Student: 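The structure is given below, and queries will be raised subsequently.
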2 protein chains.
Amino acid sequence: MLLETYKVACSNCNLRELCMPMGLNQEELQKLDDVVATRRKVSQGETLYRNGDYFTSLYAIRTGFFKTCVSSPDGREQVTGFQMAGEIIGLDGITSDHHNCNAVALEDAEVCVMPFADVEEMSREFPVLQRHVHKIMSREIVRDQGVMMLLGNMRAEERLAAFLLNLVQRLNARGFSRSELVLRMTREEIGSYLGMKLETVSRTFSKFSEEGIIEVKQRWVKILKPDALKRIFDPECFS
Amino acid sequence: MLLETYKVACSNCNLRELCMPMGLNQEELQKLDDVVATRRKVSQGETLYRNGDYFTSLYAIRTGFFKTCVSSPDGREQVTGFQMAGEIIGLDGITSDHHNCNAVALEDAEVCVMPFADVEEMSREFPVLQRHVHKIMSREIVRDQGVMMLLGNMRAEERLAAFLLNLVQRLNARGFSRSELVLRMTREEIGSYLGMKLETVSRTFSKFSEEGIIEVKQRWVKILKPDALKRIFDPECFS
DNA sequence: GCAGAAATTTGACCTGCATCAATACAGAAA
DNA sequence: TTTCTGTATTGATGCAGGTCAAATTTCTGC
């Protein structure tokens, strides 16, 4: 794990429309540059933080791709989310001053370290940032509710369709193709996130492929019929 | 739905050790009394807010019991949580200025209305309150991660055991028995929360009962062997 | 009190996904 | 290149929990 302390700046980061600086004015942006004191590189397979670690900072992902996961005392692992550039992780640590999950880089990554005390201090000064922080936390809560719906009510095909649609939608917001993507995670990790076994993930991919909805080659996926995916996920939206 | 506008006070509320005022000093408490402008009664079966409603306020539950639930466009419903006195609901509305789920009273209830703009204003003034609000949101995120673990990895018996243990633990923190409880929700609502059908919930209750772990009579439940429940939920913690 | 509705329990059967197992494939190191 | 290792695919079989159905209990309104 490398720790770099060179000066960084939100004000000219190309993620500023997605990430923490979103909606801030020039003055606020410059203040934020002070909060985001350092960056940190995390190489593939390494953890940014671990369950039990003392919580000090939130992290804005600058490059790379993460998974967060909790594990039960008997070792079963649940992936709770996949995060990409511009997304904020570490919110789970605020309640108890200790992190409650592991954040693992699925590819070489770099994050901006935002000491939470500084974020709070700046939030008190700038209502826009305060509201933004609240929105980020609330968005996470809403996302989690969506995952509960997936896990509690949806069948394997619906889960995978929703997963793929969500992924391309987020990638598209970052300037990537709306139809092609390279999965950064294994079948097992997808399965863990979606509450199914890796074999079922693989079979469901194959099924979509046979039906001409997608083209799959290992980690590479091309969505041929986005409407068909939407119809699987939510039959009503086409009724 | 009744709307009452009489003066209320956190400063002498008997929930102040659990609820929003937790950890505030005298001065802060008195300020909070101004934020919590009104109370609102919600009778059994009515909704406090609905998916799509404009978001203005958080709500602290004073008395009664709520469920929150999201529903898919085709009508499937997922209960995302059960909330009791002293807990804060409405956080889902912050991201988009619109609520993202329904909050339904499972028994006659009363909530304290906290206009979010006022909460934010006061947070800027009092770091203790700011931190507390952040902790409340973070706690919800951590709770949701736990539900994901339940739904993604646990079997029916484990889910129900975890559910019961969580419920009595929270009731106990409010001065109720650690072994006896009256469920405020139907088998179907429990099932929706835990991702199983009402018949499975019922069967699992019966199984626990046959094994002498609990005593059940409709909504009334007595936990006879808490350790056995813990062992089901988490076999390792006794190994 | 009674009638009807709603919730719960229990049984019989079925299915979607898990499990077990074998094979194929791709990237990394030698 | 070859081997090794982790990942992915595919097939065969089993079972936890879903589905359907019927009986029982409790709740509600009159």
Side-chain angles (χ1 to χ4, degrees), chain A residues 43-45 65 67 76-79 104 106-108 150-164 181-211 214-222 232, chain B residues 43-46 65 67 76-79 104 106-108 150-164 181-211 214-222 232-233:
Chain A
S43 37
Q44 188 175 55
F65 203 93
K67 69 170 176 181
R76 282 176 286 186
E77 190 172 87
Q78 173 71 31
V79 172
V104 181
L106 295 181
E107 59 181 4
D108 290 353
L150 273 192
L151 294 176
N153 272 302
M154 308 286 214
R155 288 169 317 98
E157 288 178 37
E158 300 177 287
R159 294 181 201 189
L160 194 66
F163 170 75
L164 286 173
L181 69 158
V182 175
L183 299 169
R184 252 70 235 216
M185 68 294 279
T186 66
R187 301 287 189 260
E188 186 166 19
E189 287 161 336
I190 297 172
S192 172
Y193 182 56
L194 298 177
M196 47 209 255
K197 293 291 143 178
L198 69 94
E199 294 94 329
T200 308
V201 175
S202 181
R203 274 184 243 277
T204 310
F205 269 126
S206 301
K207 181 156 186 290
F208 286 171
S209 182
E210 282 158 26
E211 290 167 346
I214 62 174
E215 207 181 320
V216 200
K217 199 167 190 192
Q218 305 281 129
R219 303 278 179 106
W220 176 86
V221 179
K222 182 167 189 175
I232 289 167
Chain B
S43 37
Q44 189 175 57
E46 291 189 339
F65 203 92
K67 69 169 176 182
R76 281 175 287 184
E77 192 172 86
Q78 173 71 33
V79 171
V104 181
L106 296 180
E107 60 181 3
D108 290 354
L150 273 191
L151 293 175
N153 272 303
M154 307 286 214
R155 286 165 325 95
E157 289 177 36
E158 300 176 287
R159 295 181 200 188
L160 196 65
F163 171 75
L164 287 173
L181 70 158
V182 176
L183 298 169
R184 251 70 233 217
M185 68 295 279
T186 66
R187 300 287 187 262
E188 187 167 19
E189 286 162 336
I190 296 172
S192 172
Y193 182 55
L194 298 177
M196 45 207 259
K197 293 291 143 177
L198 68 95
E199 295 92 330
T200 309
V201 175
S202 181
R203 273 183 244 277
T204 310
F205 269 126
S206 301
K207 180 156 187 291
F208 287 172
S209 181
E210 283 159 27
E211 290 168 346
I214 62 174
E215 207 181 321
V216 200
K217 200 166 187 192
Q218 305 282 131
R219 303 278 179 106
W220 175 87
V221 179
K222 182 168 189 173
I232 288 167
F233 171 48

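Remember, predicted model here, so these are calculated numbers, not experimental data. Numbers restart at 1 for each chain; the letters A, B, ... are given by sequence-line order, proteins then strands.
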Student: Rounded off to whole Å, could you give me the CH2-to-P distance for the B/Trp220 and C/dT9 pair?
Tutor: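 Whole-Å distance recorded here is 13 Å.
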Student: Nearest-Å distance, CZ (B/Arg155) to P (C/dC17)?
Tutor: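 Spelled out: CZ on B/Arg155 to P on C/dC17 is 18 Å.
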Student: If you find the nucleotide of DNA chain C closest to A/Lys217 and the one closest to A/Glu157, which residue's nucleotide is nearer the 5' end?
Tutor: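 Going by which nucleotide is closer to the 5' end, it is A/Glu157.
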Student: Take the protein atom CE of B/Met185 and the nucleotide atom C1' of C/dT8, then report the distance between them rounded to whole Å.
Tutor: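 So the CE-C1' distance, B/Met185 to C/dT8, works out to 16 Å.
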Student: How many Å lie between CZ on B/Arg76 and P on D/dG18, as a whole number?
Tutor: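 Answer to the nearest Å: 14 Å.
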Student: Heavy atoms from C-beta onward define the side chain here; which of C/dA18, D/dA8, C/dT8 lies closest to that of A/Thr186?
Tutor: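 Looking only at side-chain atoms, A/Thr186 lies closest to D/dA8.
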Student: Judged by atom type as modelled, is there a donor-acceptor pair below 3.5 Å linking the side chain of A/Gln44 to the main-chain atoms of A/Leu106?
Tutor: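 Such a contact is found between A/Gln44 side chain and A/Leu106 backbone.
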Student: Can you tell if the side chain of A/Ile190 reaches within under 4.5 Å of the side chain of A/Lys67, non-hydrogen atoms only?
Tutor: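 No, every pair of side-chain atoms sits at 4.5 Å or beyond.
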Student: Tell me the interatomic distance from B/Lys197, atom NZ, to C/dA7, atom C1', rounded to whole angstroms.
Tutor: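 My rounded result for the distance is 16 Å.
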Student: Without swapping roles, check the side chain of A/Ser209 against the backbone of A/Phe205 for a donor-acceptor pair under 3.5 Å.
Tutor: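 No, A/Ser209 side chain to A/Phe205 backbone: no donor-acceptor pair under 3.5 Å.
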Student: Is any NZ, NE, NH1 or NH2 atom of the basic residue among B/Glu157 and B/Arg203 found under 4.0 Å from an Asp or Glu carboxylate oxygen of the other?
Tutor: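 No salt bridge links B/Glu157 with B/Arg203.
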Student: By nearest heavy atom, map A/Arg219 and A/Arg203 onto DNA chain D; which one lands nearer the 5' end?
Tutor: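 Going by which nucleotide is closer to the 5' end, it is A/Arg219.
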Student: On DNA chain C, check which nucleotide each of A/Met154 and B/Ser202 is closest to and give me the residue with the more 5' one.
Tutor: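 The 5'-side residue here is B/Ser202.
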Student: Kindly say if A/Thr200 contacts the phosphate of C/dC17, meaning a side-chain N or O under 4.0 Å from OP1 or OP2.
Tutor: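 Answer is no, no contact under 4.0 Å.
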Student: Specify the separation, in whole Å, of atom CD of A/Glu188 and atom C1' of C/dT19.
Tutor: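 The distance from CD of A/Glu188 to C1' of C/dT19 comes to 14 Å, rounded to the nearest Å.
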Student: Just call it for B/Gly191: base, sugar-phosphate, or nothing, with non-hydrogen atoms closer than 4.0 Å on any strand.
Tutor: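 Nothing: the residue B/Gly191, judged by heavy atoms under 4.0 Å, touches no strand.
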Student: Let me know the distance between CD of A/Gln44 and C1' of C/dA28, rounded to the nearest Å.
Tutor: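 Taking atom C1' of C/dA28 as the reference, CD of A/Gln44 is at 12 Å.
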Student: Less than 3.5 Å between a donor and an acceptor, one on the side chain of B/Gln218 and one on the base of D/dC27, is that the case here?
Tutor: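 Not at all, since no donor on one side and acceptor on the other fall under 3.5 Å apart.
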Student: So, is B/Ser206 near the phosphate of C/dT10, with a side-chain N or O under 4.0 Å from OP1 or OP2?
Tutor: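 So the side chain of B/Ser206 is within the cut-off, an N or O lying under 4.0 Å from OP1 or OP2 of C/dT10.
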Student: So, does the side chain of A/Glu199 form a donor-acceptor pair with the base of C/dC17 at under 3.5 Å?
Tutor: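 In this structure, the two groups form no donor-acceptor pair.
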Student: Between B/Glu158 and A/Arg76, does any NZ, NE, NH1 or NH2 come within less than 4.0 Å of an OD or OE carboxylate oxygen?
Tutor: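 Yes, charged N to carboxylate O under 4.0 Å.
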Student: In whole Å, I'd like the distance from the CG atom of B/Leu160 to the P atom of C/dT9.
Tutor: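 Going from B/Leu160 (CG) to C/dT9 (P), I get 11 Å.
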